[in-house]
Student: 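Quick one: the structure is below, and I'll ask about it shortly.
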Amino acid sequence: MVDEQLDGPPVAVLPDVETGDELDLYFDRYNEGYDETPQSPVTCTALSIETKELTLENALLPGTLRSITLTVPEDDDTANEYWIEHRTEYDEDGERQSVSALLYEADLLGTMTTTGDVGHIDRVVVHREVESESDE
């Protein structure tokens, strides 16, 4: 096995993330209202990836929305789920890409859920094990 690594800003790296990849997320800003302030970097694994087509019927601009569900680190006692979204939109000026903050979902009083952001990510390092031809 060979460890392949991608490293860079989220807008450049997240389109290439695959299920099972391990990600190191580096924060440049934290949400001060979030009770669990993780130490940067936070290591998560991509659990699932969902891509949704955006049209003028369901969004302001056509494009795609790619949501990556991530594992929650053991030291975060608040969140049930982490995810991050990568959006590509098209307008008359061309293509625009953006990335959400690291988002979370948590139980609130055991009966309701709440969502919010953990903080803004400025760098992602993806670790992926790739089978080399010599391993076969």
Side-chain angles (χ1 to χ4, degrees):
M1 294 280 192
V2 175
D3 185 34
E4 179 182 39
Q5 185 171 317
L6 304 169
D7 186 344
V11 72
V13 173
L14 291 178
D16 296 322
V17 169
E18 298 174 1
T19 301
D21 286 349
E22 186 174 276
L23 286 68
D24 293 332
L25 307 175
Y26 291 84
F27 290 85
D28 66 346
R29 288 189 314 274
Y30 292 106
N31 174 2
E32 293 179 13
Y34 186 63
D35 294 338
E36 306 282 342
T37 302
Q39 294 300 308
S40 188
V42 170
T43 301
C44 301
T45 301
L47 295 174
S48 65
I49 299 170
E50 181 181 329
T51 302
K52 177 181 177 182
E53 291 299 319
L54 303 175
T55 66
L56 293 176
E57 294 173 3
N58 63 12
L60 294 175
L61 294 170
T64 57
L65 177 64
R66 191 167 196 253
S67 297
I68 303 169
T69 303
L70 303 164
T71 56
V72 176
E74 290 181 12
D75 61 350
D76 186 332
D77 295 328
T78 299
N80 301 334
E81 183 176 292
Y82 277 177
W83 77 95
I84 195 164
E85 297 177 340
H86 179 273
R87 182 181 295 260
T88 303
E89 297 174 321
Y90 303 97
D91 63 12
E92 61 275 350
D93 296 329
E95 179 183 287
R96 284 190 307 204
Q97 295 188 25
S98 62
V99 173
S100 70
L102 179 62
L103 304 169
Y104 74 92
E105 180 178 279
D107 289 333
L108 184 64
L109 305 173
T111 58
M112 301 183 322
T113 58
T114 184
T115 59
D117 68 276
V118 178
H120 184 264
I121 307 295
D122 71 337
R123 179 178 169 219
V124 177
V125 178
V126 177
H127 304 278
R128 177 182 303 150
E129 286 189 4
V130 179
E131 288 189 27
S132 67
E133 292 183 21
S134 63
D135 289 345
E136 295 176 4

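Count residues from 1 along the sequence.
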Student: Are Leu14 and Val125 linked, directly or through other ILVMFWY residues, by side chains that come within less than 4.5 angstrom of each other?
Tutor: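 Per the 4.5 Å side-chain linkage, Leu14 and Val125 are not co-clustered.
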Student: Could you check Leu61 against Leu54 for side-chain contact (heavy atoms from CB on, under 4.5 Å), going step by step and ending with a plain yes or no?
Tutor: CA-CA 7 Å; Leu61 294 170; Leu54 303 175; over 6 Å; no
Student: Among side-chain atoms of Thr43 and Asp24, is any donor-acceptor pair under 3.5 angstrom?
Tutor: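 Thr43 vs Asp24: donor-acceptor pair found between side chains.
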Student: Within the 4.5 Å heavy-atom criterion, are Tyr82 and Leu25 side-chain neighbours or not?
Tutor: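 The answer is no, as the side chains (C-beta and beyond) never meet within the 4.5 Å cut-off.
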Student: Can His86 and Ile68 be said to form a side-chain contact (heavy atoms from CB on, under 4.5 Å), step by step?
Tutor: CA-CA 8 Å; His86 179 273; Ile68 303 169; 5.8 Å; no
Student: If we only count heavy atoms from C-beta on, is the Leu103 to Glu85 side-chain gap below 4.5 Å?
Tutor: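 Yes. Closest side-chain heavy atoms under 4.5 Å.
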Student: Is there a side-chain contact between Leu56 and Pro62 in this structure, where contact means two heavy atoms from C-beta onward sitting under 4.5 Å apart?
Tutor: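 A side-chain contact exists here, since the closest heavy-atom pair is under 4.5 Å.
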Student: Using a strict 4.0 Å threshold on nitrogen-to-oxygen distance, state whether Glu50 and Lys52 make a salt bridge.
Tutor: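 Salt bridge absent between Glu50 and Lys52.
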Student: Take Val126 and Val13, measure what side-chain contact (heavy atoms from CB on, under 4.5 Å) needs, and give me the verdict at the end.
Tutor: CA-CA 8 Å; Val126 177; Val13 173; 3.4 Å; yes
Student: For Arg29, check salt bridge (charged side-chain N to carboxylate O under 4.0 Å, His left out) against everything at least two apart and list the hits.
Tutor: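 Per chain and number, Arg29 pairs via salt bridge (charged side-chain N to carboxylate O under 4.0 Å, His left out) with no residue.
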Student: Shortest non-hydrogen contact from Pro15 to Val11?
Tutor: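 Heavy atoms only, the tightest pair is CD-O, 3.5 Å.
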Student: At what distance, to the nearest 0.5 angstrom, does OG1 of Thr88 lie from CD of Glu95?
Tutor: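 Thr88 atom OG1 to Glu95 atom CD measures 5.5 Å (nearest 0.5 Å).
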Student: What is the minimum heavy-atom distance between Val42 and Pro73, and which atoms define it?
Tutor: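 Minimum heavy-atom separation between Val42 and Pro73: CG1-CG, 3.3 Å.
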Student: The test is side-chain contact (heavy atoms from CB on, under 4.5 Å); show your working for Thr64 and Glu53 and say whether it passes.
Tutor: CA-CA 5 Å; Thr64 57; Glu53 291 299 319; 3.3 Å; yes
Student: Are any of the side-chain heavy atoms of Leu60 and Glu89 separated by less than 4.5 Å?
Tutor: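 The answer is no, as the side chains (C-beta and beyond) never meet within the 4.5 Å cut-off.
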Student: Any heavy-atom pair between the side chains of Ser100 and Trp83 that's under 4.5 Å?
Tutor: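 Side-chain contact under 4.5 Å: no.
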Student: Can you tell me how far CG of Leu108 sits from OG1 of Thr115, rounded to the nearest 0.5 angstrom?
Tutor: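 With rounding to 0.5 Å, OG1 (Thr115) is 11.0 Å from CG (Leu108).
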Student: Could you note down all residue pairs passing ring-ring contact (aromatic ring centres under 6.0 Å, His included) where residues 90-110 supplies at least one of them, sequence neighbours left out?
Tutor: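 Qualifying pairs: Tyr34-Tyr104.
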Student: Check Ile84 against Ala101 and note the closest heavy-atom contact, atom names and distance.
Tutor: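 Minimum heavy-atom contact is CG1-O, 3.9 Å.
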Student: Counting C-beta onward and ignoring hydrogens, is there a side-chain heavy-atom pair between Val17 and Arg66 closer than 4.5 Å?
Tutor: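 They are in side-chain contact.
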Student: For Glu105 and Thr113, work out which heavy atoms get closest and say how close.
Tutor: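 Glu105 and Thr113 have their closest heavy atoms at CG-CB, 4.2 Å.
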Student: Under 3.5 Å, is there a donor-acceptor pair between the side chain of Thr45 and the main chain of Thr71?
Tutor: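 No; zero donor-acceptor contacts below 3.5 Å.
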Student: Could you check if a side-chain atom of Asp21 sits within less than 4.5 angstrom of a side-chain atom of His127, using non-hydrogen atoms only?
Tutor: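 No, their side chains stay 4.5 Å or more apart.
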Student: So do Phe27 and Ile121 actually touch side chain to side chain, heavy atoms under 4.5 Å?
Tutor: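 Side chain of Ile121 against side chain of Phe27, heavy atoms only: contact under 4.5 Å found.
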Student: Please determine whether residues Leu65 and Ile49 belong to a single hydrophobic cluster, defined as Ile, Leu, Val, Met, Phe, Trp and Tyr linked transitively by side-chain heavy-atom distances below 4.5 Å.
Tutor: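 Unlinked, Leu65 and Ile49 end up in two clusters.
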